[in-house]
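From a predicted model like this one, the values you see are computed outputs, not experimental measurements.
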Amino acid sequence: MTGTSETSSVDGGARAPRRSRLRRLMRWIPLIAPVLLWAVPCWVLLHAGQHWPLPVALGGTVVFLLGLVVMPLAMARGHGRRQQDGAAIIGDSLLGAGWVLFTWSVLLGVLLRLALRVTGVGDGQDRARIVTWVVLGVAAVLLAWGYAEARRVPRVRRVDVTLPRLGAGLDGTRVVLITDTHYGPLDRARWSARVCAKVNTLDADLVCHTGDIADGTAERRRAQATPLGTVRATRARVYVTGNHEYYSEAQGWVDLMGELGWEPLRNRHLLLERGGDTLVVAGVDDVTAESSGLPGHRAHLAGALEGADPDLPVLLLAHQPAFVDRAAAGGVDLQLSGHTHGGQIWPFHHLVRIDQPVVAGLSRHGARTLLYTSRGTGFWGPPFRVFAPSEITLLVLRSPRQPLAQP
């Protein structure tokens with residue numbers, strides 16, 4: 001026992017300075033990231049051997065400097081205390097454009113230039129200029145396509161999910177999941193109505209919204225959220241909070257969803273009965289709820305399952321996939337989550353994986369628990385989706401048990 005304690009103490013002492021250094025580094029990221037986002041493509045497209053005429057080089061550099069200055073200022077005014085929608089649209093759009101330019105400047109700035117050199121195409125200046133035009137062309141195409149992808153009504157993604165404890169009477173139960181609608185600076189009231197109309201074509205027994213309804217208060221985004229009141233389900237419509245609710249008066253969103261006929265599952269459950277069998281449908285507040293300071297808001301799985309028969313299968317709504325460790329420990333059969341947006345703009349999903357165990361799709365955790373992570377129905381911030389399409393998810397629950405034969 002003594003030896004183990006000493007080893008843990010030494011390891012803990014070694015990890016503490018590393019954590020401290022990481023925290024210090026994280027403080028610099030908001031300052032470093034915008035500089036890299038604009039400086040790297042500026043160098044690759046204008047100053048890496050192209051030898052552009054002075055007016056072109058100077059004008060292009062000024063454009064990138066404007067992006068570097070305007071983007072953070074607009075985002076601060078749009079998402080900070082002032083909450084100016086016009087500024088948010090400008091800042092978010094510049095963030096998305098900067099990310100796409102940065103990504104493809106790095107990739108094509110290395111790979112394409114190498115390929116051109118190996119194949120003997122042109123001299124150094126020719127190769128540099130080819131890289132510039134190709135990067136600009138690829139970025140323009142991806143941004144146009146990404147904007148269309150972000151603004152369209154999501155396609156329906158059907159997933160059959162077999163739950164070993166699901167009774168035969170519940171076989172075929174249709175669960176529709178929407179999440180991360182992120183109603184915000186761009187008015188999407190018509191889009192919201194079209195999404196809800198599409199949900200209503202799916203003949204759902206249960207419709208779930210796993211949070212991040214909007215960016216802004218319920219009062220401010222009410223017009224965009226109101227179509228959610230038209231959603232139909234034969235059994236129930238249920239909702240849990242996401243982290244973005246806690247940036248904008250979460251209780252207001254809980255109240256509005258209740259007003260629209262949805263059942264807010266704030267650390268509680270309801271029972272879905274069908275064909276003589278029962279499914280526990282539970283929900284928890286987002287994991288950021290407790291730090292919000294709102295009385296009674298926290299992620300509390302034990303409270304959500306209190307009074308439920310432990311032999312019944314459990315469907316849990318939790319905004320963040322990271323909650324799945326607690327769900328697995330609590331014996332949950334299926335957790336539904338959003339939050340990740342599937343990365344939204346490739347290759348951002350690699351950064352999402354640092355924070356979350358899963359980016360998208362169906363995954364298994366522990367002996368019993370399945371997790372389905374939606375790529376989200378809307379988008380946050382930059383109005384682009386690149387190689388991360390939005391979705392409305394239709395999950396059809398399947399039982400391995402055969403229904404009793406009728407006499």
Side-chain angles (χ1 to χ4, degrees), residues 154-179 198-210 231-240 263 265 269-284 301 304-305 308-319 321 323-338 340 342 357-377 389 391-407:
R155 301 176 186 91
V156 175
R157 184 179 187 190
R158 174 176 169 144
V159 183
D160 283 15
V161 183
T162 300
L163 302 179
R165 298 202 302 162
L166 193 72
L170 288 161
D171 184 75
T173 298
R174 297 166 71 84
V175 178
V176 171
L177 171 61
I178 58 175
T179 184
K198 189 145 192 180
V199 169
N200 287 339
T201 67
L202 300 178
D203 192 26
D205 297 295
L206 179 71
V207 179
C208 308
H209 195 308
T210 53
V231 169
R232 296 191 301 268
T234 61
R235 306 289 170 160
R237 297 173 294 169
V238 291
Y239 154 74
V240 293
E263 189 84 28
L265 294 182
H269 70 270
L270 53 80
L271 301 178
L272 191 156
E273 297 177 350
R274 184 171 179 264
D277 288 302
T278 304
L279 173 69
V280 177
V281 180
V284 292
L301 181 58
L305 298 179
D309 185 341
D311 293 328
L312 293 177
V314 177
L315 169 66
L316 175 71
L317 276 61
H319 177 65
F323 195 81
V324 75
D325 289 343
R326 289 186 239 180
V332 168
D333 297 82
L334 174 63
Q335 174 179 318
L336 302 183
S337 298
T340 69
V358 177
V359 174
L362 191 66
S363 55
R364 179 174 293 279
H365 302 263
R368 175 191 297 172
T369 304
L370 294 175
L371 164 67
Y372 185 82
T373 305
S374 168
R375 290 186 299 249
T377 310
E391 64 179 81
I392 296 168
T393 317
L394 171 61
L395 299 111
V396 181
L397 306 186
R398 293 299 181 190
S399 170
R401 307 174 192 180
Q402 295 298 315
L404 294 174
Q406 297 295 322

For this session: Please name the residue in the list Val284, Leu336, Leu317, Thr179 that meets the side chain to side chain contact (heavy atoms under 4.5 Å, CB included) test with Val240.
Result: Leu317
Distance (rounded to the nearest 0.5 Å) between [X] [atom1] and [Y] [atom2]:
X: Leu395; Y: Leu362; atom1: CG; atom2: CG; value: 8.0 Å
X: Leu279; Y: Arg235; atom1: CG; atom2: CZ; value: 11.0 Å
X: Leu206; Y: Leu270; atom1: CG; atom2: CG; value: 7.5 Å
X: Thr369; Y: Leu316; atom1: OG1; atom2: CG; value: 9.5 Å
X: Asp203; Y: Thr234; atom1: CG; atom2: OG1; value: 7.0 Å
X: Lys198; Y: Thr377; atom1: NZ; atom2: OG1; value: 11.5 Å

[X] side chain to [Y] backbone, donor-acceptor under 3.5 Å:
X: Arg237; Y: Val231; result: yes
X: Ser374; Y: Gly338; result: no
X: Thr173; Y: Leu170; result: yes
X: Thr210; Y: His319; result: no
X: Asp205; Y: Arg174; result: yes

For this session: Mind running side-chain contact (heavy atoms from CB on, under 4.5 Å) on Leu272 and Thr278 for me, showing each step along the way?
Result: CA-CA 6 Å; Leu272 191 156; Thr278 304; over 6 Å; no
For this session: State, with a plain yes or no, whether a side-chain heavy atom of Tyr372 is found less than 4.5 Å away from one of Val161.
Result: no
Exercise. Any side-chain heavy-atom pair from Leu163 and Leu315 closer than 4.5 angstrom?
Worked result: no
For this session: Name all residues meeting the side chain to side chain donor-acceptor pair (under 3.5 Å) criterion together with Ser363; count only those two or more places apart in sequence or in a different chain, and write none if there are none.
Result: His365
Where [X] and [Y] come nearest, the two heavy atoms and their spacing:
X: Ala327; Y: Leu301; value: CA-CD2, 4.0 Å
X: Ala318; Y: Ser337; value: O-OG, 2.6 Å
X: Ser399; Y: Ala168; value: OG-N, 3.6 Å
X: Ala304; Y: His269; value: O-ND1, 2.8 Å
X: Thr373; Y: Val359; value: CG2-O, 3.5 Å
X: Val358; Y: Pro321; value: O-CG, 4.0 Å

For this session: List the steps and the verdict of side-chain contact (heavy atoms from CB on, under 4.5 Å) for Asp277 and Leu166.
Result: CA-CA 8 Å; Asp277 288 302; Leu166 193 72; over 6 Å; no
For this session: Could you list all the salt bridge (Lys or Arg N to Asp or Glu O under 4.0 Å) pairs where at least one residue sits in residues 391-400, not counting sequence neighbours?
Result: Arg157-Glu391, Asp160-Arg398, Asp171-Arg398, Arg375-Glu391
Problem set entry | Trace of the side-chain contact (heavy atoms from CB on, under 4.5 Å) decision for Val175 with Leu334 | CA-CA 12 Å; Val175 178; Leu334 174 63; over 6 Å; no
Exercise. Under the salt bridge (Lys or Arg N to Asp or Glu O under 4.0 Å) test, which residues partner Asp333, sequence neighbours left out?
Worked result: Arg165
